[in-house]
**Q** 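Sharing a structure with you now.
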Amino acid sequence: MKNIKNSRNRCIMNFILYDGIEWKKLFPITLTRPVSEIRLGFFTIKERWEKYIGKTAYDIITQPFLSKKYSKKEYSYFENMLFINSSFLPNEELIQILFSLKENETIFFKEKMIAIKKNFLVKEDILSLSKKCTKTYCVKQVIHIQSPWEIFTNNETILKEDFMFFTKGKKSYSLLGKNHVFCKNKIFLEEDIKANNVVLNAQFGPIYIEKGVEIMEGSVIRGPVSIGKNTILNVGSKIHGGTTIAPFCKVGGEILNSVIFSYSNKVHDGFLGNSILGEWCNLGAGTNISNLRNDYKKVTVWNYEKKDFFPTNLQFFGIVMGDHSKSAINTQFNTATIVGVSDSIFGYGFPPRYIPSFYLGGIQSKKRISFHQVCETAEIMMNRRNRSFSVLDKKILKYLYQLLDI
């Protein structure tokens with residue numbers, strides 16, 4: 001850590017996070033966001049890079065239809081800039097090399113470029129960065145997110161690393177009320193946390209709880225777990241290790257090794273395991289997700305590029321759900337289900353294991369939701385949280401709506 005801090009002081013330069021070929025491989029999560037806005041561990045990928053480097057990202061380079069929301073600057077060229085592939089997560093070894101880069105020098109991991117320094121680059125050449133570089137440095141180990149399930153399969157490791165890196169030298173607040181706390185030294189609490197008659201067990205991994213969180217009575221949290229600010233845990237919530245719950249969520253029931261993005265709800269009883277929920281999702285009461293086949297075999301998963309299911313090495317896999325999708329009460333999802341953006345799922349039996357975006361219904365019948373209804377539902381839900389459904393949000397959904405079966 002000391003060497004890294006010294007390197008930062010010598011050379012803090014502007015950096016840009018860009019989407020590589022991994023963006024298409026991370027559907028449906030990246031249909032509505034750049035790779036850098038994916039959340040795992042304590043933070044989004046963008047937030048993590050900013051904290052490691054010690055500076056706000058100069059900009060995000062992503063798909064044209066996402067740029068107006070996520071890219072903040074207009075430019076025709078770049079000067080004295082680090083370009084970093086957003087699908088790689090920073091670590092101490094990587095940061096140490098990053099701050100020593102010179103013009104046209106690069107960092108690679110297994111023949112894939114992580115970063116390059118350019119003193120001058122015109123905008124038109126941004127897509128050919130990897131073709132105009134020389135392999136200079138290689139890192140031995142780095143987490144590279146190339147498929148949606150790698151978000152939850154890596155989350156336990158990242159939670160532990162984040163806790164060690166980002167709580168060092170900081171003092172935790174105390175938890176008021178009558179509670180049961182195990183391994184207090186591995187629990188970090190921010191201010192204004194409401195909790196009474198709950199269990200925090202950090203024997204198997206750290207627990208990080210941000211400010212303004214409310215944990216209702218009877219809840220059990222078993223680390224490693226991160227709970228984002230102003231999130232509410234309902235009565236009797238059971239949160240297992242490897243779980244990240246982002247800010248402004250409402251959760252309950254049983255959750256295991258899952259990542260829930262901001263403003264999503266799983267308030268009621270039901271099981272969610274080895275899964276990802278995007279933003280503005282809602283699971284109705286009694287919704288359950290199977291994360292293991294009855295025959296214990298490895299799962300197959302929908303491939304957006306091949307338009308078919310393909311085998312994986314995973315045995316445990318629940319659901320990956322895109323932004324703004326919902327399930328009705330008592331919905332039962334099969335193992336390794338992929339749900340697109342703005343779906344409304346209901347009906348008897350198991351829904352299909354792949355549901356394209358903007359569909360209404362379940363296995364017995366389904367139809368495409370009108371775009372007017374998509375926007376109306378999004379606006380109502382966001383207004384309930386005092387957030388506005390912006391023109392840019394609408395344009396992103398409209399672009400996706402015009403595509404077929406995505």
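We use all heavy atoms of the structure for the numbers below, so side chains are in, but hydrogens, waters and symmetry mates are not. What you see is a predicted model; the values in this text were computed from it and never measured.
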**Q** Go through the steps to decide whether Asp19 and Thr62 satisfy the test side-chain hydrogen bond (donor to acceptor under 3.5 Å, both in side chains), and finish with yes or no.
**A** CA-CA 5 Å; Asp19 284 349; Thr62 183; 2.6 Å; yes

**Q** Considering residues, nucleotides and ligands other than Phe310, do more than 12 of their heavy atoms fall under 6.0 Å from its CZ?
**A** yes

**Q** Using distance alone, with no hydrogens and no angle criterion, decide if Asn265 and Arg385 have a side-chain donor and acceptor under 3.5 Å apart.
**A** yes

**Q** Quick one: does any side-chain atom of Ser87 pair with a main-chain N or O of Gln146 as donor and acceptor, under 3.5 Å?
**A** no

**Q** I'd like to know if the side chain of Thr331 and the backbone of Ser327 have a donor-acceptor N/O pair within less than 3.5 Å.
**A** no

**Q** Is Lys51 salt-bridged to Glu47, cutoff N-O under 4.0 Å?
**A**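 Looking at Lys51 and Glu47, the cut-off is not met.
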
**Q** Would you say Asp393 and Met382 make side-chain contact, with heavy atoms under 4.5 Å?
**A** yes

**Q** Aromatic contact between Phe15 and Phe99, with the criterion being ring centroids under 6.0 Å apart: yes or no?
**A** no

**Q** Given Met216 and Glu214, is the side-chain contact (heavy atoms from CB on, under 4.5 Å) satisfied, shown in steps?
**A** CA-CA 6 Å; Met216 295 185 184; Glu214 180 180 357; 4.0 Å; yes

**Q** For Gly41, is there any backbone N or O sitting under 3.5 Å from a side-chain donor or acceptor partner on Asn155?
**A**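 Such a contact is found between Asn155 side chain and Gly41 backbone.
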
**Q** Please report the shortest heavy-atom distance between Tyr58 and Met81, naming the atom on each side.
**A** CD2-CE, 3.5 Å

**Q** Can you sort out the partners of Lys25 under salt bridge (Lys or Arg N to Asp or Glu O under 4.0 Å), two or more places apart, ordered by chain and number?
**A** none

**Q** Fit a plane to each ring of Phe42 and Tyr208, take the angle between them on a 0 to 90° scale, and name the class: parallel (under 30°), tilted (30 to 60°) or perpendicular (over 60°).
**A** tilted

**Q** Apply the test side-chain contact (heavy atoms from CB on, under 4.5 Å) to residues Val301 and Trp149: give CA-CA distance (whole Å), side-chain angles for both, the deciding distance (0.1 Å), then the verdict.
**A** CA-CA 10 Å; Val301 181; Trp149 53 89; 3.7 Å; yes

**Q** Check for a donor-acceptor pair, side chain of Lys72 on one end and backbone N or O of Lys69 on the other, with a separation under 3.5 Å.
**A** yes

**Q** If you round to the nearest 0.5 Å, how far is CD1 of Ile276 from OG of Ser264?
**A**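 Rounded to the nearest 0.5 Å, the OG-CD1 separation comes to 12.0 Å.
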
**Q** May I ask you to decide if the ring planes of Trp280 and His324 are parallel, tilted or perpendicular, using 30° and 60° as cut-offs?
**A**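 Ring orientation of Trp280 relative to His324: parallel.
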
**Q** Taking side chain as C-beta onward, heavy atoms only, is Ile329 less than 4.5 Å from Thr287?
**A**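 No, too far: nothing below the 4.5 Å cut-off.
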
**Q** Restricting to salt bridge (Lys or Arg N to Asp or Glu O under 4.0 Å), what partner residues turn up for Glu111, sequence neighbours left out?
**A**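 Once residues adjacent in sequence are excluded, the partners of Glu111 under the salt bridge (Lys or Arg N to Asp or Glu O under 4.0 Å) criterion are Lys135.
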
**Q** Does Ser388 reach the main-chain N or O of Ser390 with its side chain, forming a donor-acceptor pair under 3.5 Å?
**A**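 Side chain of Ser388 to backbone of Ser390: no pair is present.
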
**Q** With distance as the sole criterion, is a donor-acceptor pair present between the side chains of Gln373 and Thr377 under 3.5 Å?
**A**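 Yes, side-chain donor-acceptor contact under 3.5 Å.
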
**Q** Quick check: do Ile84 and Leu98 have side-chain heavy atoms less than 4.5 Å from each other?
**A** yes

**Q** A side-chain contact here means heavy atoms from C-beta on lying under 4.5 Å apart; do Arg222 and Gln203 qualify?
**A**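 When only atoms from C-beta onward are counted, Gln203 and Arg222 do not touch, as no gap falls below 4.5 Å.
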
**Q** Does Ser219 use its side chain to pair, donor to acceptor, with the backbone of Asn234 at less than 3.5 Å?
**A** yes

**Q** Answer yes or no: is there a donor N or O on one side and an acceptor on the other, between the side chain of Ser357 and the main chain of Val341, under 3.5 Å?
**A**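 Pair found, side chain donor or acceptor close to backbone of Val341.
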
**Q** Ring centres under 6.0 Å, that's the criterion: do Phe152 and Phe317 meet it?
**A** yes

**Q** Does the side chain of Glu150 pick up a donor-acceptor pair with the side chain of His144 at under 3.5 Å?
**A** no

**Q** Between Phe27 and Val320, is there a side-chain heavy-atom distance shorter than 4.5 Å?
**A** no

**Q** Between the side chains of Arg353 and Thr335, is a donor N or O closer than 3.5 angstrom to an acceptor N or O?
**A**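 No, no side-chain donor-acceptor pair sits under 3.5 Å.
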
**Q** Is there a side-chain contact between Leu31 and Ile406, using heavy atoms and a 4.5 Å cut-off?
**A** yes

**Q** Flag the pair Thr106 / Asn104 as yes when at least one side-chain heavy-atom distance between them is below 4.5 Å, and no otherwise.
**A** no

**Q** Identify which one of Tyr359, Trp302, Phe333, Phe309 satisfies the ring-ring contact (aromatic ring centres under 6.0 Å, His included) criterion when paired with Tyr354.
**A**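 Exactly one option meets the ring-ring contact (aromatic ring centres under 6.0 Å, His included) with Tyr354, and it is Trp302.
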
**Q** For the pair Thr312 (side chain) and Lys298 (backbone), establish whether a donor and an acceptor sit closer than 3.5 Å, ignoring hydrogens and angles.
**A** no

**Q** Does Asn196 use its side chain to pair, donor to acceptor, with the backbone of Lys178 at less than 3.5 Å?
**A** yes

**Q** For Asn230, does the CG atom have more than 12 heavy-atom neighbours from other residues, nucleotides or ligands under 6.0 Å away?
**A** yes

**Q** If you measure from the Lys or Arg side-chain nitrogens to the Asp or Glu carboxylate oxygens, is any gap between Asp308 and Lys306 under 4.0 Å?
**A** no

**Q** Can Lys326 and Asp343 be counted as an ion pair, charged N to O under 4.0 angstrom?
**A**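 Looking at Lys326 and Asp343, the cut-off is not met.
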
**Q** Say you draw a straight line from CG of Asn91 to CD1 of Ile143; how long is it, rounded to the nearest 0.5 Å?
**A** 8.0 Å

**Q** Measuring from atom OH of Tyr304 to atom CG of Leu26, what distance do you get when rounded to the nearest 0.5 angstrom?
**A** 11.5 Å

**Q** Which ring pair (Phe, Tyr, Trp, His ring centres under 6.0 Å) pairs, counting each pair once, include a residue from residues 365-399, with sequence neighbours left out?
**A** Phe65-Tyr399, Phe371-Tyr401

**Q** Identify the two heavy atoms, one from Ala195 and one from Asn179, that lie closest to each other, and give their separation to 0.1 Å.
**A** O-ND2, 3.5 Å

**Q** Side-chain donor-acceptor pair under 3.5 Å between Thr32 and Asp323, yes or no?
**A** yes

**Q** Could you give me the CA-CA distance, side-chain angles and deciding distance for Ile221 and Ile215, then say whether side-chain contact (heavy atoms from CB on, under 4.5 Å) is met?
**A** CA-CA 10 Å; Ile221 301 175; Ile215 309 173; 4.0 Å; yes

**Q** Quick check for you: to the nearest 0.5 Å, what is the distance between Leu314 atom CG and Ser147 atom OG?
**A** 7.5 Å

**Q** List the steps, then state whether side-chain contact (heavy atoms from CB on, under 4.5 Å) holds for Phe108 with Val139.
**A** CA-CA 6 Å; Phe108 274 77; Val139 291; over 6 Å; no

**Q** Is Asn383 reaching over with its side chain to a backbone N or O of Asn386, donor-acceptor style, under 3.5 angstrom?
**A**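 No: the side chain of Asn383 does not pair with the backbone of Asn386.
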
**Q** Quick one: are Lys229 and Ile227 in side-chain contact, heavy atoms under 4.5 Å?
**A** no

**Q** Ring centroid separation for Phe78 and Phe83, is it under 6.0 angstrom?
**A** yes

**Q** Would Arg33 count as a cation-pi partner of Tyr70, with NZ or CZ less than 6.0 Å from the six-membered ring centre and within 45° of the ring normal?
**A** no

